[in-house]
Novice: 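First the structure, which I've put down as structure tokens, then a few questions once you've had a look.
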Amino acid sequence: MFDKTTMNRRKFLQIAAASTMLSSVPSPGHTGRQSLLTKAIPSTGEQLPVIGMGTWITFNVGNDQEARNARSEVLRAFFDAGGGMIDSSPMYGSSQAVVGHSLDRLGMPDDLFAATKVWTSSTSKGITQVADAEQLWGIDNFKLMQIHNLVNWESHLASLLEMKAEGRIRYIGVTTSHGRRHSELEKIVARQPIDFVQLTYNLQDREAEKRLLPLARERKMGVIVNRPFRRGSLFKSFASHSIPPWAQEIGCKHWAQFMLKFIVSHPAVTCAIPATSKVDHMRQNMAAPAGGLPDANTRRRMTEFFDAL
Amino acid sequence: MWDFLDYTFADFLLFSPEVYFRLFELYNKDIWPAQLASPVFAVAIIFLARHGARHQSRVISLGFAAMWLWVGYAYYAVRYATINDWAVVLAWIAALQAILFLVSAVRHTPVRYQTDRSIAGVAGAVLVALAAFLYPFLTFAVGRNWRGAEIFGFAPDPTMVATFGLVLLSMSKSRWILIPLPLLLAVVSGMTAVAMEAYSGLFTCLAGAIAIVLMMTRKHRPLDIN
């Protein structure tokens, strides 16, 4: 088990520095597009851009053709900025179909990191959901298949391990959100052969720092962070404030960048998956790593600044 | 299966208010000019209910059965279900309400409706009128696009409000079977509205609460034997 007393400030700085150096290596396959800072997926070393794209709420637009085309433009901005990972779920209504529609319009990037989830209490339906998702996205294989909110996780994990052995998926993950079920998640991370854990971590929800993030790092698991803006509510906290000069020095031009820099600079975090339905917001999100990531001292200032709001 | 209890209602709100309200814009575009019949329905209901006669009451119940069936199919199942998987359940509830109205119409002693000057009677007529004439304006009173107006007979919320009003016009014992399902749908609609911070949607819940209180004050009168 990870000994939390070993994570002192010096150790943190060493890890953060190593992580930032690693993440400065441009990822392959972004020819003709901007490159984005990447981090290594701990279990394989494969590079993953530190900003991915969530589809919760934002891509659930049903059959509204105008809205579907607008989401395609959001996805275009994501790819243009060097984005690779798209995360969805069968729980998100029409989101997977809309992602598929957008990928069909834009063309399939070589470095697409397709990630979705199984979300059902039925084991057999979980297997069907994987096939359904492949069809909805218009892809042959997912890179990452996750078990949504730990629903029926033991049975789904057995199915996904079989798929991984067959080469149908490359990575397996489990997810939670809103800080729920962290103790159960911790047991899974400690004992199960998974590659990724997805959880909520942001300037307000920092509970994962205590045990889950260090444990995931110790177990060489990638960490995907959802709800980086707490469904937009964190922007309200910053509404009447200006970005402090020390944050501008590391390239924070918008609060979204401030929040994302904080998240992806944690040594255990592989990427964050903000969701948006607006092209300009996507561009702001994707510009988050520009100017460098905060060191441990700056991260501490960020939390102090936020806590004082 | 109890894993699902870990979710809150807000977790199932997987669409933005913008997308939700655009559903009504696209719906109205698809069914235009059928909406013009809505105020005619409302006037017809008040007119047919003026004497509390048996056959006219059957016609009213049949009309509401058709409206609920339409709302269940055309709105909940065909449109809302594209962004909310649970809308299929709402569609079945609406279909069940249509069946209840159908039964109310065809049974030997139909549920009877009659306008009168009692508080409940006046409130019932007012709710029917509000559903048809005020509800569409509520849409743009709160800053939404007028093209997304929610129309009685076609959109669920004003149809619920009119149903609450209609039930208030009845003194038949069996009127009570017509109220639980619209109330359930109103609660779901109200929770959705709160989750979207679109509080004008609570109007439907308020109408339901008024209907329940006034129904309890209105004594059963055996119009059924007339």
Side-chain angles (χ1 to χ4, degrees), chain A residues 54-68 70-71 88-98 118-123 125-126 129 147-156 174-182 184-185 200 226-227 230-233 236 275-278, chain B residues 1-32 71-91 144-145 147-148 150 155-156 188 191-199:
Chain A
T55 56
W56 185 50
I57 294 180
T58 52
F59 270 60
N60 182 18
V61 298
N63 297 327
D64 185 340
Q65 205 58 38
E66 191 179 310
R68 280 180 166 225
R71 298 314 181 270
S88 194
S89 169
M91 188 196 178
Y92 301 167
S94 61
S95 292
Q96 295 198 104
V98 176
V118 287
W119 180 66
T120 169
S121 54
S122 156
T123 308
K125 276 186 187 168
Q129 282 184 350
I147 301 164
H148 194 136
N149 206 20
L150 311 185
V151 174
N152 191 23
W153 69 265
E154 285 166 301
S155 299
H156 289 317
V174 292
T175 79
T176 67
S177 63
H178 302 70
R180 283 187 300 233
R181 303 178 73 175
H182 274 195
E184 190 176 355
L185 183 62
T200 296
N226 58 38
R227 290 172 60 85
R230 265 190 149 234
R231 199 177 165 181
S233 69
K236 291 175 188 167
T276 181
S277 57
K278 294 184 170 58
Chain B
M1 70 175 286
W2 301 110
D3 292 326
F4 289 100
L5 294 177
D6 197 39
Y7 292 87
T8 63
F9 181 79
D11 293 331
F12 292 100
L13 188 71
L14 297 168
F15 44 82
S16 63
E18 176 199 6
V19 167
Y20 177 78
F21 294 132
R22 247 185 80 80
L23 270 188
F24 289 103
E25 292 178 35
L26 297 173
Y27 179 34
N28 282 335
K29 192 178 168 190
D30 289 346
I31 63 172
W32 175 258
V71 166
Y73 169 73
Y75 177 74
Y76 283 133
V78 173
R79 288 168 177 85
Y80 194 27
T82 63
I83 59 167
N84 183 358
D85 293 340
W86 296 90
V88 176
V89 177
L90 305 181
R144 283 167 48 193
N145 190 326
R147 291 186 178 90
E150 294 175 46
V188 172
M191 289 165 75
T192 306
V194 169
M196 292 193 302
E197 298 180 2
Y199 298 106

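First the proteins, then the strands, lettered A, B, ... as listed; each starts at 1.
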Novice: Spell out the residues in residues 73-85 of chain B that have some non-hydrogen atom less than 4.5 Å away from a non-hydrogen atom of chain A, in order of number; otherwise answer 'none'.
Specialist: T82(B), I83(B), D85(B)

Novice: With rounding to the nearest 0.5 angstrom, report the CD to CD1 distance, E18(B) to I57(A).
Specialist: 12.0 Å

Novice: List the residues meeting salt bridge (Lys or Arg N to Asp or Glu O under 4.0 Å) with E184(A), not counting sequence neighbours, and say none if there are none.
Specialist: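 Applying salt bridge (Lys or Arg N to Asp or Glu O under 4.0 Å) to E184(A) gives R181(A).
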
Novice: Looking at every heavy atom in both V19(B) and N60(A), which two are closest together, and how far apart are they?
Specialist: CG1-O, 3.5 Å

Novice: Ignoring hydrogens, what is the shortest heavy-atom contact between M91(A) and L14(B)? Give both atom names and the distance.
Specialist: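 The answer is O-CD1, 2.5 Å.
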
